[in-house]
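Working notes, beginning with the structure itself.
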Amino acid sequence: MIFGALWMIASFLSLGFGAFFIIEEFDLGDPFRVVNKYMIYYLVMDLVLRYMLQKMPITNIKPLLYLPFKKSQVVNYSLGKTIVSFFNWAHAFFFIPFSIVLLIKGYDPVSVIGWHLGMIALFYCNNFINILVNNKDVVFYGIASILAILGICQYYEFFDITLYTAPFFDGLYDLPWIALLPWLVLLGLYFFSFSYFKKNMYLDGGLALKHTEATSEDLTWLDKYGKLGTFLKNDIKLIKRNKRSKTTVIMSFMFLFYGLLFFTGAVEAYDGPVWKIFAGIFVSGGFLFTFGQYVPSWDSSYYPLMMSQNISSEEYLNSKWYLIVIATIASTILSSFYLYFGWDAYLAILVGAIYNIGVNSYLVLWGGAYIKTPIDLTSNKKAFGDKQAFNAKTLLLTIPKLLLPMAVYAIGHFTINPTAGYIFVALAGVIGFVFKNKVFKIIEKVYKKEKYKTLLAYKEKA
Amino acid sequence: MIITTNLSKTYGTQTVLKIDNLEIPKGQSFGLVGNNGAGKTTFFSLLLDLVQPSTGHILNNDVQVDISEAWKPFTSAFIDESFLIGYLTPEEYFYFIGELRGQNKADVDALISGFKDFFHGEILNQKKYLRDLSKGNQKKVGIVASFIGNPEVIILDEPFANLDPTTQIRLKGIIKDLAANKKVTVLVSSHDLIHVTEVCERIVVLNKGEIVKDIQTSRETLEELESFFAG
C-alpha cells in the first residue's frame with residue numbers, strides 16, 4: 001500500500017506541476033479549460049477507486065458503542081476520520097501545484113480560489129457518496145460501466161458528456177460564488193450520512209456484517225480429474241467468491257491488452273525487437289504474474305488444514321501449476337486478436353506462452369514459497385501491491401522470468417535471424433516442461449523447508 | 001499408536017513443551033488438560049507437523065511425523081478455524097474433505113446424515129458460507145469434518161468450547177461412541193474438567209509444558225484434578 005500511495009503522490013505532483021505545460025505544448029487550447037473538460041472523468045474515477053480501496057469507517061465503531069460516548073459523538077468521530085483519509089488529501093498534490101501554476105500564469109486569483117474550493121468540496125462529496133453506497137455492488141458496477149460507455153462514446157464522437165459538465169467546472173472559475181453550491185451539497189451529504197448512521201447504529205442494523213447468500217455452482221464435470229479436480233474446484237470457488245481474488249483476476253485480464261503498447265508502436269521505447277518477447281510474456285502471463293505469484297498465500301487462512309489434511313505437497317503444487325497453465329493457455333487463446341497486427345505479433349505471444357508454461361510457472365511457485373504474506377481474501381486493501389511481497393529473493397526470481405527470455409531471443413535474433421530467436425525461447429520453455437518432475441522435486445523441498453516458517457507467518461495475521 | 005520420545009519445543013530461551021516419553025495406545029480416548037500456555041495446542045501442532053520439534057520426535061503408527069507424510073491418510077484434526085475454508089458452504093467443505101480422504105459424495109452424505117441432531121438444523125442447507133456462521137456452528141462443522149474418511153487418529157483441540165449445552169452433551173455422546181470403537185484413537189484437550197473426565201479413559205495434565213499427572217480415569221479423577229488446579 002505504501003508503494004501505491006507514494007506512486008500516486010508522485011504522479012499527482014508531476015501532473016499538478018506539469019499538466020498545464022503539457023497541454024500547452026500539445027496546443028489543445030486553454031489548459032485550464034481542458035482540465036475542466038475532463039474533470040468529470042477524474043471525479044468518477046476517483047469514486048471508483050475509493051469504492052475499491054477506501055476503508056469504511058463503520059468497521060471500527062463496534063468497540064466504541066459500549067464506551068461512555070454519545071452516539072452523535074461516535075458518528076461524528078467516524079465520519080470525521082474519513083475526512084483525513086489519504087483518498088482525500090492525495091488530490092491536494094494535484095490541485096495545489098496546479099492552482100499555483102494557474103496563478104503564476106496570470107489567471108484571476110479570486111476565481112482560481114473559487115474553483116479550487118469548489119473542487120475540494122466535490123472530492124469530499126465523493127468521500128461521503130462512497131460511504132453511503134458502500135458495498136452496494138450494483139451501484140459500483142453501474143457507475144463504472146456508465147463511465148466506460150461515456151468514455152467510448154466520447155472517443156468515437158457519438159456523444160460528449162463533457163459538453164454538459166465542463167460549463168459547471170468552468171463556472172466555478174467564471175463565477176466564483178458558484179463554489180458555494182458544491183459546499184452546500186457537501187453539507188447536505190454530511191448531515192444525511194450523519195442521520196443515516198445514527199439511525200442505524202445497532203449491531204443488527206447498520207453495523208451487522210453483510211452476509212451474502214451462498215451460491216453453489218455445478219463443477220462436477222471436474223470430478224473426473226480426481227484430486228486435481230478437487231483442488232481446481234476449490235480454486236475456482238476461491239476466485240469467484242472472494243473480493244481480493246476477483247480483483248486480481250480482473251487485473252490479470254488487463255494484461256491481455258498490455259501488448260497493444262508494443263504492437264501498435266504507441267511507445268517508442270518499446271520498438272526494439274527484443275521487446276516483443278517481453279510483451280508476449282506479459283500478455284499470456286497475466287494470471288501467472290498476478291495470481292500465481294501469491295501461491296500459496298491464497299490459502300493462507302486455512303494453511304494448517306492444507307498442511308495436515310490428506311494432501312501431499314506434490315498434489316498441492318501440481319494443482320496450482322495446472323491452474324496457472326490452464327489460465328496461460330486461456331490467455332493465449334483470448335489474445336488471438338493480436339493476429340490483427342500480423343502473425344509476428346501473435347507468434348511472440350505464443351512463444352511467450354510456451355516460456356511461461358515451461359519456465360515461469362515453476363518460478364512463480366518457487367518464489368511463492370518465500371512470500372510469507374497472508375492474504376485477507378475478503379478485503380481489497382492490499383490488492384495493488386504489498387511491500388512484503390517484494391523481497392530480495394522474489395526480486396531475484398524476476399530476472400529469469402523476464403530478462404532471460406529476452407536475452408535468449410536476442411541471441412537468436414542477432415546471431416541468426418528473428419525466427420531463430422523465437423525457436424530458442426520456445427525451446428527453453430519445452431526443455432523446462434520436459435524436466436517438470438525434476439524441478440517439482442526441488443520446489444517441493446523448498447516448500448517443505450519453508451513450511452513451518454510459512455505457517456508461523458500466516459498465523460500472525462496481516 | 002502414538003509414541004513421543006524426548007520431545008521438546010523451545011522458542012528463544014523459553015521452553016514451551018518438554019515431554020520425555022509419552023505413549024498413547026491404539027483405541028485409547030486420551031484427554032489433555034492444563035491452563036493456558038500449558039502446551040496443549042503446541043503438542044497437537046507437533047503431532048500434525050505444523051510446528052517443528054526442537055528436539056525429539058513423534059511416531060504416529062510407526063511414521064515419524066516430521067519426516068514422512070504417511071500419517072496423513074489416517075489422521076484428522078480440528079484445532080481452530082484455520083482448519084475451515086471460509087468461502088465454502090458446510091456441504092461443500094464436507095465434500096472437499098471427503099474427496100481428499102477418498103470418500104465419494106454418497107459416503108459423506110451417509111456420514112453427515114448421522115449428525116443431524118448434532119447440527120440442530122443450523123448447518124445444512126442454510127445457504128451460508130462457513131465464514132458467516134457463528135463460532136459455535138463453525139466448530140460443529142470442523143468437528144464433524146474430522147470424522148470423515150474413517151480416520152484412526154482424531155485430534156480435537158478444545159472441542160467443547162463455544163458449544164451450547166445441548167451440543168456439548170451430544171458431543172460427549174459422539175466421543176464416547178468413538179472411544180467404544182477400539183479402532184479409533186481420540187485425543188481431546190479441554191479446559192472443562194467434568195467433560196474430559198466423562199469422555200476420556202486417560203487424562204494427562206500439562207503444566208508449563210511438562211507432564212505433571214498421568215491418570216487412568218476413575219471415580220476419584222475429577223476430584224483429584226479439581227484439587228490439583230485449585231492448588
Side-chain angles (χ1 to χ4, degrees), chain A residues 208-217 219-220 222-223 225-231 233-246 298-316 374 376-378 444 448-449 451-456 458-459 461, chain B residues 9 11 41 44-53 65-93 95-105 125-133 142 145-146 148-149 151 155 157:
Chain A
L209 294 171
K210 294 201 176 62
H211 290 184
T212 39
E213 186 167 298
T215 51
S216 44
E217 46 277 290
L219 298 170
T220 40
L222 280 166
D223 284 349
Y225 300 105
K227 275 212 178 157
L228 179 63
T230 305
F231 288 115
K233 271 194 287 190
N234 216 37
D235 283 330
I236 292 173
K237 288 172 190 160
L238 166 85
I239 291 168
K240 281 185 71 176
R241 296 179 183 177
N242 294 291
K243 216 174 173 183
R244 171 75 186 265
S245 42
K246 241 195 279 179
W298 295 109
D299 295 322
S300 61
S301 64
Y302 47 89
Y303 208 55
L305 173 83
M306 302 307 258
M307 288 300 108
S308 61
Q309 253 306 337
N310 191 22
I311 304 167
S312 70
S313 350
E314 193 195 338
E315 286 166 351
Y316 177 77
D376 181 0
L377 288 169
T378 54
E444 252 175 76
K448 273 189 191 154
K449 207 178 123 225
K451 170 179 157 182
Y452 305 106
K453 277 192 225 159
T454 310
L455 279 161
L456 193 68
Y458 287 166
K459 217 173 161 185
K461 291 254 162 65
Chain B
K9 180 69 198 174
Y11 291 105
T41 307
F44 284 168
S45 300
L46 283 160
L47 253 172
L48 295 168
D49 194 36
L50 298 175
V51 167
Q52 201 171 18
V65 296
D66 58 330
I67 290 180
S68 163
E69 293 184 280
W71 53 273
K72 288 180 176 176
F74 57 83
T75 309
S76 74
F78 182 66
I79 305 291
D80 55 26
E81 61 272 24
S82 68
F83 279 64
L84 298 173
I85 302 179
Y87 54 84
L88 298 183
T89 64
E91 288 90 342
E92 288 170 341
Y93 177 69
Y95 297 139
F96 176 68
I97 301 289
E99 283 169 30
L100 294 180
R101 309 193 76 88
Q103 304 280 298
N104 64 31
K105 198 164 177 274
N125 305 319
Q126 296 296 300
K127 295 205 175 223
K128 271 188 187 172
Y129 296 126
L130 285 174
R131 61 182 172 217
D132 295 333
L133 293 180
S146 72
I148 293 172
I155 300 167
D157 195 18

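Heavy atoms only: backbone and side chains are in, while hydrogens, waters and symmetry mates are out. Within every chain, numbering begins at 1; the chains are lettered A, B, ... in the order of the sequence lines, protein sequences first and strands thereafter.
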Would you say that more than 12 heavy atoms from the other residues, nucleotides or ligands in this model lie under 6.0 Å from the CD of A:Glu314, or not? no
Which pair of heavy atoms, one from [X] and one from [Y], lies closest together, and at what distance?
X	Y	result
A:Thr230	B:Glu99	OG1-OE1, 2.7 Å
A:Gln309	B:Arg101	OE1-NH1, 2.7 Å
A:Lys451	B:Asp49	NZ-OD2, 2.8 Å
B:Phe96	A:Met306	CZ-CE, 4.3 Å
A:Ser308	B:Phe83	OG-CE2, 3.2 Å
B:Leu50	A:Pro304	CD2-O, 3.8 Å

Drop me the distance from A:Ser301's OG to B:Arg131's CZ, to the nearest 0.5 angstrom. 9.5 Å
Which region of A:Lys237, side chain (C-beta onward) or backbone (N, CA, C, O), has a non-hydrogen atom less than 4.5 Å from a non-hydrogen atom of chain B, or is it both or neither? both
Which bit of A:Ser300 is near chain B, if near means a heavy-atom gap under 4.5 Å: side chain, backbone, both or neither? neither
Please determine whether side-chain contact (heavy atoms from CB on, under 4.5 Å) holds for the pair B:Leu100 and A:Phe231, giving the CA-CA distance in whole Å, both sets of side-chain angles, and the decisive distance to 0.1 Å. CA-CA 9 Å; B:Leu100 294 180; A:Phe231 288 115; 3.8 Å; yes
State whether B:Lys105 and A:Asp223 are salt-bridged, where the test is any N-O pair (Lys NZ or Arg NE/NH1/NH2 against Asp/Glu carboxylate O) under 4.0 Å. no
Lys/Arg-Asp/Glu bridge criterion (N-O < 4.0 Å) met for A:Lys233, B:Glu92: no
Among B:Leu48, B:Ile79, B:Ile85, which residue satisfies the side chain to side chain contact (heavy atoms under 4.5 Å, CB included) criterion with A:Leu305? B:Ile85
Can a side-chain donor-acceptor contact be found between A:Tyr302 and B:Tyr93 if the only test is distance below 3.5 angstrom? no
Is any side-chain heavy atom of A:Lys448 less than 4.5 Å from a side-chain heavy atom of B:Glu69? yes
Side-chain contact, heavy-atom cut-off 4.5 Å: A:Asn234 with B:Leu88? yes
Step by step, work out the side-chain contact (heavy atoms from CB on, under 4.5 Å) result for B:Gln52 and A:Lys453. CA-CA 9 Å; B:Gln52 201 171 18; A:Lys453 277 192 225 159; over 6 Å; no
A:Leu455, A:Ile311, A:Leu238, A:Asp299: which one forms the most heavy-atom pairs within less than 4.5 Å of chain B? A:Leu238
